[in-house]
A.B. asks: 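This is the structure, below, for whatever I ask next.
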Amino acid sequence: MTISRDDVLMWIKNYAGVIRENKEYLTDLDAAIGDADHGANMDRGFQAVLGKMPELADKDIGTIFKTVGMTLLSTVGGAGGPLYGTLFLQAGMKTAGKMELSLEDLVTTFEAAISGVVMRGKAEVGDKTMIDALTPALEALKKASEENQPIAEALAAFAEAGKKGMESTTPLVAKKGRASYLGARSAGHQDPGATSSYLLLRTAADTWGDA
Ligand code: ADP
Ligand code: MG
């Protein structure tokens, strides 16, 4: 079983809806340890991405991801825009010309995408950022792929590990981004970027669960 180009478009479209639904929630999380704009930032970016959907209908997966990345880079300010932009641009490099993705392709694509975020933001697991959700999720996806699990189960494990990673950010003291300016006072709050990243993985599992 594979993820088709249409499945990829559906993931992006569904995520734009999930971000819209969670805009206030993400902003509230960012109000506690940042500047209360993460929900608005992500929503602005993904509404702009929705505007690109018509021209992506017949494109390969690499072009779809590249367009999402470029759109986020040009419309989202702050730390989140460049980081999510990088994630999608790197995913686009790995999937250039592809019309479908196997579970193995998903592993190499997310691996490249997340490495891109690490290279750009220099965050490690435990720094209280989106990396805390993305890295354990990737590990779970890799393990599921190595065990030849069906794609739906692999994606469920992916999202579940992302959820645990997101939750793990609550007690942490932020080492990167705006929240790090608060020092010890950043502890006791869930990281907004880890939350939007978990939602991205959850939406992949929900969208592709029966692919
Ligand atoms: P800003 O902090 O500029 O207002 P956002 O509010 O959109 O940008 O995004 C904040 C999120 O970005 C944080 O919750 C964190 O997860 C993520 N983040 C910030 N800096 C980094 C970094 N260096 N590496 C990875 N993620 C980061
Ligand atoms: Mg912010």
Side-chain angles (χ1 to χ4, degrees), residues 2-31 34-101 105-106 109-110 112-114 116-117 120-121 129-130 133-134 137 155 158-159 162 177-178 192-211:
T2 57
I3 308 296
S4 71
R5 184 252 324 269
D6 287 350
D7 294 329
V8 169
L9 284 171
M10 193 52 75
W11 174 44
I12 305 295
K13 185 166 167 276
N14 287 344
Y15 186 59
V18 166
I19 286 296
R20 187 36 67 98
E21 282 162 23
N22 287 277
K23 189 176 163 189
E24 305 286 315
Y25 173 51
L26 293 172
T27 290
D28 289 349
L29 291 174
D30 198 30
D35 56 354
D37 64 354
H38 191 59
N41 285 345
M42 295 297 285
D43 187 54
R44 187 181 328 109
F46 277 88
Q47 288 302 310
V49 167
L50 279 186
K52 298 279 165 76
M53 284 285 154
E55 70 192 64
L56 293 177
D58 60 350
K59 298 291 192 294
D60 67 279
I61 294 171
T63 303
I64 293 169
F65 283 150
K66 198 172 137 213
T67 305
V68 172
M70 300 289 284
T71 305
L72 295 178
L73 280 180
S74 64
T75 56
V76 188
L83 293 167
Y84 277 101
T86 300
L87 185 142
F88 281 100
L89 284 180
Q90 292 299 324
M93 308 262 275
K94 273 284 165 213
T95 52
K98 285 191 187 284
M99 291 301 193
E100 58 180 19
L101 303 175
D105 292 331
L106 278 184
T109 301
F110 278 109
I114 294 165
V117 178
R120 178 129 196 177
T129 71
M130 51 198 281
L134 295 171
L155 289 167
F158 182 55
R178 249 172 226 287
T195 308
S196 56
S197 286
Y198 159 65
L199 291 172
L200 183 66
L201 311 178
R202 168 92 271 152
T203 306
D206 289 347
T207 307
W208 299 337
D210 53 4

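None of these values were measured; they are calculated from a predicted model. As a basis for the values below, the full set of heavy atoms in this structure was taken, side chains included, without hydrogen atoms, waters or symmetry mates.
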A.B. asks: Any chance you could measure R202, atom CZ, to T207, atom OG1, to the nearest 0.5 Å?
C.D. replies: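 One gets 10.0 Å once the value is rounded to the nearest 0.5 Å.
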A.B. asks: How many angstroms lie between CG in D6 and NZ in K13, if you round to the nearest 0.5 Å?
C.D. replies: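 Result: 11.5 Å between the selected atoms.
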A.B. asks: Quick one, L83 with M130, criterion side-chain contact (heavy atoms from CB on, under 4.5 Å). Give me CA distance, side-chain angles, the key distance, then yes/no.
C.D. replies: CA-CA 9 Å; L83 293 167; M130 51 198 281; 3.9 Å; yes
A.B. asks: List the steps, then state whether side-chain contact (heavy atoms from CB on, under 4.5 Å) holds for L106 with I3.
C.D. replies: CA-CA 9 Å; L106 278 184; I3 308 296; 4.1 Å; yes
A.B. asks: About how many Å separate CE of M70 and OG1 of T75, when rounded to the nearest 0.5 Å?
C.D. replies: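 Those atoms lie 11.5 Å apart.
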A.B. asks: Could you measure the distance from the CG atom of L26 to the CG atom of L199? Nearest 0.5 Å is fine.
C.D. replies: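 That separation rounds to 6.0 Å.
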A.B. asks: Does the side chain of M53 come within less than 4.5 Å of I12's, by heavy atoms?
C.D. replies: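 In short, these two side chains touch, coming nearer than 4.5 Å.
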A.B. asks: What distance do I64 atom CD1 and L9 atom CG have between them, rounded to the nearest 0.5 Å?
C.D. replies: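 That separation rounds to 3.5 Å.
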A.B. asks: Assess the residue pair L89 and L73 against the criterion (side-chain contact (heavy atoms from CB on, under 4.5 Å)); give the C-alpha distance rounded to whole Å, side-chain angles, the decisive distance to 0.1 Å, and a yes or no.
C.D. replies: CA-CA 10 Å; L89 284 180; L73 280 180; 3.5 Å; yes
A.B. asks: Within the distance-only criterion (no hydrogens, no angle test), does the side chain of T27 pair as donor or acceptor with the backbone N or O of G39 below 3.5 angstrom?
C.D. replies: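 Here the side-chain-to-backbone pair exists.
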A.B. asks: Are more than 12 heavy atoms from other residues, nucleotides or ligands located less than 6.0 Å from atom CD of Q47?
C.D. replies: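 Yes.
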A.B. asks: Indicate the atoms forming the closest heavy-atom contact of L134 with I114, along with that distance.
C.D. replies: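 L134 and I114 have their closest heavy atoms at O-CD1, 3.6 Å.
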A.B. asks: With a 4.5 Å heavy-atom cut-off, do F65 and V8 have their side chains touching?
C.D. replies: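 Yes, close enough: below the 4.5 Å cut-off.
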A.B. asks: Please find the pair of heavy atoms, one from D60 and one from A96, that lie closest to each other, and give the distance.
C.D. replies: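 Scanning both residues completely, I find the closest heavy atoms to be OD2-C, 3.9 Å.
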A.B. asks: What are the two closest non-hydrogen atoms of E100 and D105, and how far apart are they?
C.D. replies: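 In terms of heavy atoms, the two residues are closest at O-OD2, 4.0 Å.
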A.B. asks: For K59, does the NZ atom sit with more than 12 other heavy atoms under 6.0 Å from it, leaving out its own atoms?
C.D. replies: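 Yes, because the 6.0 Å sphere around NZ of K59 holds more than 12 heavy atoms from other groups.
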A.B. asks: Using modelled atom types only, decide if a donor and an acceptor are shared between the side chain of W208 and the backbone of W11 within a distance under 3.5 Å.
C.D. replies: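 Not at all, since once roles are kept as given, no pair shorter than 3.5 Å links the two residues.
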A.B. asks: May I ask you to decide if T86's main-chain N or O and R120's side chain share a donor-acceptor pair within less than 3.5 Å?
C.D. replies: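 Such a contact is absent between R120 side chain and T86 backbone.
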A.B. asks: Examine distances only and state if a side-chain atom of D30 and a backbone atom of D37 form a donor-acceptor pair shorter than 3.5 Å.
C.D. replies: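 Checked: pair present.
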A.B. asks: Indicate whether the side chain of T203 and that of D206 have a donor and an acceptor atom separated by less than 3.5 Å.
C.D. replies: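 Per modelled atom types, T203 and D206 side chains form no pair under 3.5 Å.
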A.B. asks: Using modelled atom types and a 3.5 Å cut-off, is there a donor and acceptor pairing between side-chain atoms of T95 and backbone atoms of K98?
C.D. replies: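 No, T95 side chain to K98 backbone: no donor-acceptor pair under 3.5 Å.
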A.B. asks: For residues G51 and P54, report the shortest heavy-atom separation together with the two atoms involved.
C.D. replies: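 Taking G51 first and P54 second, the nearest heavy atoms are O-CD, 3.5 Å.
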A.B. asks: Does the pair Y15 and R20 meet the rule for a side-chain contact (heavy atoms from CB on, under 4.5 Å), with working shown?
C.D. replies: CA-CA 8 Å; Y15 186 59; R20 187 36 67 98; over 6 Å; no
A.B. asks: I'd like to know whether S197 forms a side-chain hydrogen bond (donor to acceptor under 3.5 Å, both in side chains) with Y84, so could you lay out the CA-CA distance, the side-chain angles of the two residues, the decisive distance to 0.1 Å, and finally the verdict.
C.D. replies: CA-CA 9 Å; S197 286; Y84 277 101; 2.8 Å; yes
A.B. asks: Would you find a donor on one side and an acceptor on the other, under 3.5 Å apart, between the side chain of D28 and the backbone of Y25?
C.D. replies: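 No, because the side chain of D28 does not come within donor-acceptor range (under 3.5 Å) of the backbone of Y25.
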A.B. asks: Where do A112 and K94 come nearest, in terms of heavy atoms and distance?
C.D. replies: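 Closest approach of A112 to K94: CB-CG, 3.4 Å.
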A.B. asks: Could you pull out the closest heavy-atom pair between L56 and T63, with the gap in Å?
C.D. replies: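 Smallest interatomic distance, heavy atoms only, reads CD2-O, 4.3 Å.
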A.B. asks: Any side-chain heavy-atom pair from V76 and F46 closer than 4.5 angstrom?
C.D. replies: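 V76 does not reach F46 side chain to side chain.
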A.B. asks: Is the backbone of G193 close enough, under 3.5 Å, to the side chain of S196 for a donor and an acceptor to pair up by distance?
C.D. replies: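 Indeed, once roles are kept as given, a pair shorter than 3.5 Å links the two residues.
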A.B. asks: How many angstroms lie between CG in D43 and CD in E24, if you round to the nearest 0.5 Å?
C.D. replies: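 Here the rounded value is 9.5 Å.
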